[in-house]
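Computed from heavy atoms alone, side chains included, the values below leave out hydrogens, waters and symmetry copies.
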Amino acid sequence: MALLDGLTLPGAGMTNDTNLIRPALFRSGEGVAAGGRYEMRMLGWNTPSEYMDYVHPYWKTFQAPNPFLHYMLAVLYIMFMFAALVGNGVVIWVFTSAKNLRTPSNMFIINLAILDFIMMLKTPVFIVNSFNEGPIWGKLGCDTFALMGSYSGVGGAVTNAAIAYDRYKTIAKPFEAKISRGTALMMVVGIWAYASPWALLPLFNIWGRFVPEGFLTTCTFDYMSEDASTRAFVGSIFVFAYIVPGSLVFYFYGQIFVHVRAHEQAMREQAKKMNVANLRSVGSHEDQEKSVEIRIAKVCMGLFFLFLISWTPYAVVALIAAFGDRSKLTPLVSMIPALTCKFVACVDPWVYAINHPRYRLELQKRMPWFCIHEEKPQDTISQSTCETEKA
């Protein structure tokens, strides 16, 4: 460490004080192991001082990551962006153009695909920043990145809750009135209204704010400041954007599971009375419809579990930073949530293609070169595709 005495590091606000340098070296470990293969710099070395004012002092104590990490993330994001934009674009196109898919409940599916699409539209900001090894778009780019992420994250959570409610109404309450087109539209509008405070309040610094995180190439809501207002915002967004929609989804799918288990038990008992192996082979139209609805419900449950995989890391990181031992957080660790949410936005549309019968049928007709083979369902089977009424 004696060799570091007098070393001057570039970057806004940095000095040659070795007491500032040493903590970052011990905490990061990057560059020291590189054996001089690249120049040792502090995080934010190529960032304008006015932008560094928005960076929490905690991140300023870390050494800049190996440039290879920046380039690797940029390449990953390019692949994510291509897969997600194409996949979600196809979902939006098929669900909006196919007559038998333009149903009230499919408005929730379209809304989820739009939110995933928005999630990936912001990736060029990150890609450019990564190849630059630091932010290049300034505070405007930071706010735009975080704003789109807030709408897609919170909106996606509530949309998953709406989809779960729709499945619950269709499968567990088949004799009740189905969701109308007007009701579905109002629910979609309500989803965007629900997400707006969590996106707009920090944008205008009314409650919370958007700040750089991790490698300073991404931005999100401030979870590092220790004031009461910031901690209240972190706790509130955790409850209303994660716990509340997650609990609703858990309840609705739990009710579906209970109903389906009871229904299957009843069918097995009836099959014994009729002395047949499988009652579905001679079942009613209602039983055939329920079978398809259950298959579609499994797709929707898969979407929700993908949502948990996507946003649970963000919830954990934010809670640790605001209320726990933040010394466990490093710039690299804080980048993991950004990767998971982008990855899931890529996977969502392919879940439809793998498991969604009516969507697969439409893809088979429109894109035969996709090599999708879906048998045409009988006319008696429900036209639902995560919907609540027949086409």
Side-chain angles (χ1 to χ4, degrees), residues 51 54 73-74 76-89 91-92 108 110-130 132 135-160 188-223 233-234 237-238 240-242 245 303 306-307 309-311 313-315 317-318 334-349:
Y51 189 80
Y54 297 99
L73 289 175
L76 283 175
Y77 266 61
I78 291 174
M79 294 187 294
F80 288 168
M81 181 177 65
F82 177 79
L85 294 182
V86 172
N88 286 291
V91 168
I92 296 170
F108 304 132
I110 296 171
N111 192 56
L112 184 61
I114 290 173
L115 290 167
D116 282 341
F117 197 87
I118 291 174
M119 169 69 71
M120 302 309 294
L121 280 178
K122 66 178 185 176
T123 52
V125 175
F126 176 83
I127 293 170
V128 173
N129 285 347
S130 294
N132 184 59
I136 197 174
W137 301 104
K139 191 61 168 62
L140 177 61
C142 178
D143 288 342
T144 302
F145 188 95
L147 178 68
M148 297 172 73
S150 297
Y151 267 115
S152 57
V154 179
V158 185
T159 301
N160 273 286
V188 170
V189 172
I191 289 170
W192 285 85
Y194 187 94
S196 290
W198 310 109
L200 298 180
L201 291 178
L203 177 66
F204 296 109
N205 294 321
I206 298 174
W207 190 25
R209 62 173 185 162
F210 292 142
V211 294
E213 63 173 345
F215 289 177
L216 310 187
T217 50
T218 60
C219 290
T220 186
F221 61 90
D222 183 9
Y223 52 72
F233 181 85
V234 172
I237 198 172
F238 173 73
F240 290 101
Y242 186 80
L303 296 177
L306 285 174
F307 169 81
I309 295 172
S310 173
W311 294 103
Y314 250 125
V317 167
S334 71
M335 295 301 296
I336 294 176
L339 280 174
T340 58
C341 67
K342 304 303 182 301
F343 172 74
V344 170
C346 301
V347 175
D348 274 353

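- Note: Trp198 and Trp207 have tilted aromatic rings, judged against thresholds of 30 and 60 degrees for the angle between ring planes.
- Residues Ala241 and Ala157 come closest through the heavy atom pair O-CB, 3.4 Å.
- Across all their heavy atoms, Pro349 and Val91 have their closest contact at CB-CG2, 3.7 Å.
- By the 4.5 Å heavy-atom criterion applied to side chains, Thr220 and Tyr314 are counted as neighbours.
- What you find for Thr159 and Gly155 is that their closest heavy atoms are OG1-O, 2.7 Å.
- Side-chain atoms of Asn88 come within 3.5 Å of backbone atoms of Ala345 as a donor-acceptor pair (strictly under, hydrogens ignored).
- Side-chain contact between Met79 and Cys346 is absent, with no heavy-atom pair separated by less than 4.5 Å.
- To the nearest 0.5 angstrom, Leu121 atom CG is 11.0 Å from Asp116 atom CG.
- Ring planes of Tyr77 and Phe80: tilted class, angle from 30 to 60°.
- Judged purely by atom type and a 3.5 angstrom limit, Asn129 uses its side chain to pair as donor or acceptor with the backbone of Val125.
- Between the side chain of Asp222 and the backbone N or O of Gly208 there is no donor-acceptor pair closer than 3.5 Å.
- Separating the CZ atom in Phe343 from the CG atom in Leu306 is a distance of 8.0 Å, to the nearest 0.5 Å.
- Of the inter-residue distances, the one linking Asn111 atom CG with Asn160 atom CG reads 10.5 Å to the nearest 0.5 angstrom.
- Minimum heavy-atom separation, Tyr51 to Pro135: CE2-CG, 3.3 Å.
- The two atoms that bring Ala74 and Ser130 nearest to each other are CB-CB, 3.7 Å, heavy atoms only.
- Minimum interatomic distance between Phe145 and Lys122 (heavy atoms only, all atoms of both residues): O-CD, 3.3 Å.
- Between Met335 and Thr217 the shortest side-chain heavy-atom distance falls below 4.5 Å.
- A 6.0 Å sphere centred on CH2 of Trp192 holds more than 12 heavy atoms belonging to other residues, nucleotides or ligands.
- Between Ile92 atom CD1 and Leu85 atom CG the span is 9.5 Å, to the nearest 0.5 Å.
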Exercise for the section: Start with the C-alpha gap between Val344 and Met119, add the side-chain angles, then the distance that decides, and say whether side chain to side chain contact (heavy atoms under 4.5 Å, CB included) holds. Expected result: CA-CA 10 Å; Val344 170; Met119 169 69 71; over 6 Å; no
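- Here the CG atom belonging to Leu147 is positioned 10.5 Å from the CG atom belonging to Leu140, to the nearest 0.5 angstrom.
- In this structure the side chain of Cys142 never reaches within 4.5 angstrom of the side chain of Trp137, judged on heavy atoms.
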Practice task
Apply side chain to side chain contact (heavy atoms under 4.5 Å, CB included) to Lys139 and Asp143, showing your working.
Solution key: CA-CA 6 Å; Lys139 191 61 168 62; Asp143 288 342; 2.6 Å; yes
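- Two residues are said to be in side-chain contact when any heavy atoms from C-beta on lie closer than 4.5 Å; Phe126 and Leu73 meet this criterion.
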Problem - Pair Val317-Glu213, side chain to side chain contact (heavy atoms under 4.5 Å, CB included): steps then yes or no - result: CA-CA 11 Å; Val317 167; Glu213 63 173 345; 5.8 Å; no
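- Sorted by first and then second residue, the side-chain hydrogen bond (donor to acceptor under 3.5 Å, both in side chains) pairs with a member in residues 144-154 read Tyr151-Ser196; sequence neighbours excluded.
- Atom OG in Ser310 sits 11.0 Å away from atom CG in Leu339 (nearest 0.5 Å).
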